[in-house]
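Here's the structure, in structure tokens; my notes come after.
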Amino acid sequence: TQLLEQSPQFLSIQEGENLTVYCNSSSVFSSLQWYRQEPGEGPVLLVTVVTGGEVKKLKRLTFQFGDARKDSSLHITAAQPGDTGLYLCAGGRRDDKIIFGKGTRLHILP
Amino acid sequence: NAGVMQNPRHLVRRRGQEARLRCSPMKGHSHVYWYRQLPEEGLKFMVYLQKENIIDESGMPKERFSAEFPKEGPSILRIQQVVRGDSAAYFCASSPQRQSYEQYFGPGTRLTVT
């Protein structure tokens with residue numbers, strides 16, 4: 001069974017601090033997506049990474065796909081209250097269903 | 001800018017009733033996925049459909065649950081004889097390609113069984 005483990009489960013930090021959350025698996029994925037979900041809403045796609053070692057930046061968010069395509073990290077610089085939410089990673093293999101981790105619940109204190 | 005639409009947003013049913021959840025994919029998307037999310041849990045895959053076909057229903061309970069995506073109209077997730085354990089948020093996602101890397105989610109339907 002493919003599993004995606006996300007850590008930490010919960011993170012509460014002050015506005016302006018930096019943070020990194022992780023998504024790990026023992027399986028190799030063809031692609032990995034990061035989503036953010038706010039209460040009462042559906043997940044919103046932030047980024048897709050497909051190449052081992054790939055780094056993508058989205059404003060203050062930096063996403064990295066591990067060289068072996070088994071893990072990924074999301075780094076947020078100078079966190080803001082608007083970054084609060086549930087961050088989900090999802091891994092996919094060609095012609096197979098996408099699997100979601102349980103998420104990291106991030107709370108940025110003003 | 002029509003994204004994935006789901007209705008109703010909230011649905012309350014008494015035990016034993018039927019729940020019918022609707023999903024209209026993004027324009028141009030012919031692949032639909034249904035997921036279930038419990039509080040403090042991730043998204044659990046239920047079923048993947050293409051127009052008029054069920055491609056993968058490996059995540060769907062064998063009884064009481066069914067899904068369809070007709071040639072015309074929205075995709076429907078039907079839960080018959082609901083029980084309290086069916087209470088959850090049900091999300092629909094769509095993609096333009098089979099098992100696309102990227103899926104776009106609707107706002108979800110929150111089902112409460114009383």
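Protein chains get the first letters and strands the later ones, always in sequence-line order, with residue 1 at the start of each.
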Q) Do you see a donor-acceptor pair shorter than 3.5 Å between the side chains of A:His75 and A:Thr20? A) yes
**Q.** Short side-chain donor-acceptor distance under 3.5 Å, A:Ser31 and A:Gln33
**A.** yes
Q) So which part of B:Gln37 gets closer than 4.5 Å to some heavy atom of chain A, the side chain, the backbone, both or neither? A) side chain
Is it the side chain or the backbone of [X] that comes within 4.5 Å of chain B heavy atoms, both, or neither?
| X | result |
| --- | --- |
| A:Gln6 | neither |
| A:Leu86 | side chain |
| A:Val50 | side chain |

Q.
Centroid separation under 6.0 Å, is that true for the rings of B:Tyr48 and B:Tyr33?
A. yes
**Q.** Aromatic ring proximity, centroids under 6.0 angstrom, A:Phe65 and A:Phe29
**A.** no
